[in-house]
Amino acid sequence: DSIFMINYDQQWTSVRYMQVCEGFQSHIVSMHLSLMTYPWFYHKRALYTERNNMTFPGTYLTTTTNAVHAQRRIEEDGAFTMFQFLHANVPDHRVYIGGKFTHGDAEVMKHYELLPVGLISQILPIPRLPNAFLYSHMCFGSWERVLSFLPMLPDLQKFPEETWEWTIARDVKDRLGDTAAYLLERTIREIDQAKETMGKQATTKKQRREDVTEEEEELLVQPLVNAAYWLETAYAYEVHLHNHHRHPLFMQRQPPEPSPMTAPASLLKNLGLVHVHMLQDPRLHVYQTLPKMTKDIFNSSDRIQWPTTK
């Protein structure tokens with residue numbers, strides 16, 4: 001019952017090869033997002049509806065960047081918008097996207113979010129989004145799956161930027177950063193909501209260890225700790241890792257000094273943000289040692305020198 005929309009060529013060709021030539025997960029309907037925008041797509045819709053009972057609320061997909069142009073296509077050609085497509089299919093199907101929407105759609109962003117799950121994203125209505133604790137566990141599950149299929153990344157010193165091998169490695173790093181950023185954003189949002197709900201009694205720095213309930217620890221502390229782990233690992237991938245996800249650089253006693261300039265500015269910003277929140281969150285003040293991440297699936301805890309609280 002899954003629909004997989006793909007928006008860049010490397011992923012499209014590799015997915016189609018695996019499905020058509022290898023018969024892997026052939027029950028999943030994969031569609032090239034850009035091809036849906038051509039008027040002739042109307043004649044290809046049956047290829048998808050016969051297999052998945054999915055719905056096309058019009059002839060072909062139109063972008064909404066130019067509202068006047070989009071409305072004319074809808075009225076004259078019977079085209080449909082991405083919001084209409086999601087509204088028709090999300091209730092009965094799991095809808096994913098590889099890459100991002102080429103053109104922003106305000107109506108889509110108002111009602112849906114792209115939830116990073118491994119190398120792709122699931123498109124979910126905002127009311128159905130998992131909380132930070134559940135999403136944290138989803139991250140470990142989806143990335144364990146990714147690592148089982150990608151135990152080795154292409155060596156970026158061997159493959160230049162114009163190669164597909166370079167794109168694969170770059171995509172893994174980008175998606176790892178996206179996962180970490182979303183988990184941090186979700187966690188901070190729920191911490192702020194908890195502060196408003198529980199007031200000073202639940203956030204006083206003088207509370208003792210036994211005052212931290214198991215529910216608080218699971219729902220608020222652990223996602224924040226996991227967000228730090230994901231962000232530190234994403235940083236390690238950026239500045240150190242060029243080959244294997246258990247690269248020797250993660251295991252050397254004195255690895256080369258990293259260059260922060262090789263990491264995206266957004267990742268550096270989120271790294272600083274997660275450490276600020278860990279220092280400010282009183283729930284962590286009661287620990288002598290920072291709690292461990294849920295699972296060290298990247299074998300990176302030694303390399304990132306997992307910190308302790310004072």
Side-chain angles (χ1 to χ4, degrees), residues 2 4-8 11 33 82 86 90 94-102 104-106 108-147 150 170-195 218-238 241 245 263-278 280-281 291 293-298 300 304:
S2 296
F4 182 23
M5 297 184 292
I6 304 173
N7 205 25
Y8 62 100
Q11 193 174 74
L33 192 58
M82 178 54 66
L86 295 176
V90 167
R94 288 175 292 179
V95 182
Y96 299 87
I97 183 170
K100 298 181 179 179
F101 293 122
T102 305
D105 189 321
V108 170
M109 294 299 102
K110 188 187 302 182
H111 296 90
Y112 297 90
E113 276 194 18
L114 272 58
L115 188 74
V117 284
L119 299 182
I120 61 178
S121 296
Q122 185 174 5
I123 305 174
L124 283 176
I126 291 176
R128 285 173 48 190
L129 290 171
N131 61 27
F133 177 73
L134 292 177
Y135 178 65
S136 178
H137 283 269
M138 288 176 60
C139 293
F140 287 100
S142 61
W143 276 92
E144 281 186 310
R145 184 75 168 166
V146 169
L147 294 176
L150 277 175
R170 183 65 263 168
D171 191 40
V172 169
K173 292 182 177 183
D174 289 342
R175 297 302 298 171
L176 183 56
D178 290 344
T179 299
Y182 188 90
L183 176 57
L184 175 63
E185 177 193 357
R186 191 74 188 175
T187 302
I188 291 175
R189 190 187 313 171
E190 292 178 15
I191 287 175
D192 290 341
Q193 291 172 350
K195 287 180 180 179
E218 287 190 345
L219 298 183
L220 296 173
V221 173
Q222 195 61 52
L224 184 61
V225 170
N226 286 340
Y229 169 75
W230 283 93
L231 286 162
E232 290 285 358
T233 299
Y235 177 75
Y237 261 63
E238 289 287 353
L241 190 58
H245 78 276
S266 58
L267 177 57
L268 296 175
K269 181 202 74 171
N270 285 329
L271 261 175
L273 194 60
V274 73
H275 283 285
V276 166
H277 275 80
M278 286 197 298
Q280 292 179 343
D281 197 315
M293 74 295 293
T294 298
K295 191 174 184 180
D296 184 16
I297 62 172
F298 294 97
S300 58
I304 64 181

Please report the C-alpha distance between Glu232 and His275 in whole Å, then the side-chain angles of each, then the deciding distance to 0.1 Å, and finally whether the side-chain contact (heavy atoms from CB on, under 4.5 Å) criterion is met.
CA-CA 10 Å; Glu232 290 285 358; His275 283 285; 2.8 Å; yes
Decide yes or no on side-chain contact (heavy atoms from CB on, under 4.5 Å) for Ser2 and Tyr96, but give the supporting numbers first.
CA-CA 8 Å; Ser2 296; Tyr96 299 87; 4.0 Å; yes
Arg186 and Leu129: side-chain contact (heavy atoms from CB on, under 4.5 Å), yes or no, with the steps?
CA-CA 10 Å; Arg186 191 74 188 175; Leu129 290 171; 3.8 Å; yes
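Met293 has its side chain within reach of Asp296: a pair of non-hydrogen atoms, C-beta onward, lies under 4.5 Å apart. Side-chain atoms of Pro130 and Leu124, non-hydrogen and from C-beta on, do get closer than 4.5 Å to each other. Looking at Ile6 and Leu33, their side chains never come closer than 4.5 Å, going by heavy atoms from C-beta outward. Taking the side chain as every heavy atom from C-beta outward, Ile188 and His277 approach each other to under 4.5 Å. The side-chain heavy atoms of Ser300 and Thr233, taken from C-beta on, include a pair separated by under 4.5 Å. Proximity of Gln11 to Phe4: side-chain heavy atoms (C-beta onward) are separated by under 4.5 Å at one or more points. Side-chain contact between Cys139 and Asn226: absent, with no pair of heavy atoms (C-beta onward) separated by less than 4.5 Å. Contact of the Thr294 side chain with the Phe133 side chain is not registered, since no non-hydrogen atoms from C-beta on lie closer than 4.5 Å.
Closest approach of Gly118 to Ser142, counting heavy atoms only: N-OG, 3.3 Å. The two residues Ala181 and Leu231 have their closest heavy-atom pair at N-CD2, 4.4 Å. Heavy atoms only, all atoms of each residue included: Tyr229 and Lys295 are closest at CE2-O, 3.8 Å. For the pair Glu113 and Tyr182, the tightest heavy-atom approach, listed with the atom from each and the gap, is OE1-OH, 2.7 Å. Residues Met109 and Ile126 share a closest heavy-atom pair of O-CD1, 4.3 Å.
Side-chain contact annotation: Gln222 with His137, donor-acceptor N/O pair under 3.5 Å absent. A donor-acceptor pair shorter than 3.5 Å cannot be found between the side chains of Tyr235 and Glu238.
A donor-acceptor pair is defined here as one N or O able to donate and one able to accept, closer than 3.5 Å; such a pair exists between the side chain of Glu190 and the backbone of Ala132. When atom types are taken as modelled, the side chain of Tyr135 and the backbone of Pro116 share a donor-acceptor pair closer than 3.5 angstrom. No donor-acceptor pair closer than 3.5 Å links the side chain of Arg128 to the backbone N or O of Tyr112. When atom types are taken as modelled, the side chain of Lys173 and the backbone of Ala234 share no donor-acceptor pair closer than 3.5 angstrom. Looking only at distances, a side-chain donor or acceptor of Asn7 sits under 3.5 Å from a matching main-chain atom of Lys100. Put simply, the side chain of Arg175 gets close to the backbone of Ile120: a donor and an acceptor are under 3.5 Å apart. For the pair Asn270 (side chain) and Val274 (backbone), a donor-acceptor distance under 3.5 Å is absent.
Rounding to the nearest 0.5 Å places CG of Leu271 at 5.0 Å from CG of Leu267. Note that CZ of Arg189 is 5.0 Å distant from CD of Glu185, once rounded to the nearest 0.5 Å. For the atom pair CD1 of Ile297 and CD of Glu144, the computed distance is 5.5 Å after rounding to the nearest 0.5 Å. Residue Ser136 holds its OG atom at 5.0 Å from CG of Leu183, rounded to the nearest 0.5 Å. The distance from atom CZ of Arg145 to atom CG of Leu119, rounded to the nearest 0.5 Å, is 12.0 Å. Distance CZ/Phe101 to CE/Met82: 5.0 Å, rounded to 0.5 Å.
For Asp174 and Arg170, the salt-bridge test passes: some basic side-chain N is under 4.0 Å from an acidic carboxylate O.
For the pairing with Ser121, the side-chain contact (heavy atoms from CB on, under 4.5 Å) check across Leu115, Val95, Ile97 returns one residue only, Ile97.
A tilted orientation is assigned to the rings of Phe298 and Trp143, their planes being inclined by 30° to 60°.
Remark: aromatic rings of Trp230 and Phe140 are close, center separation under 6.0 Å.
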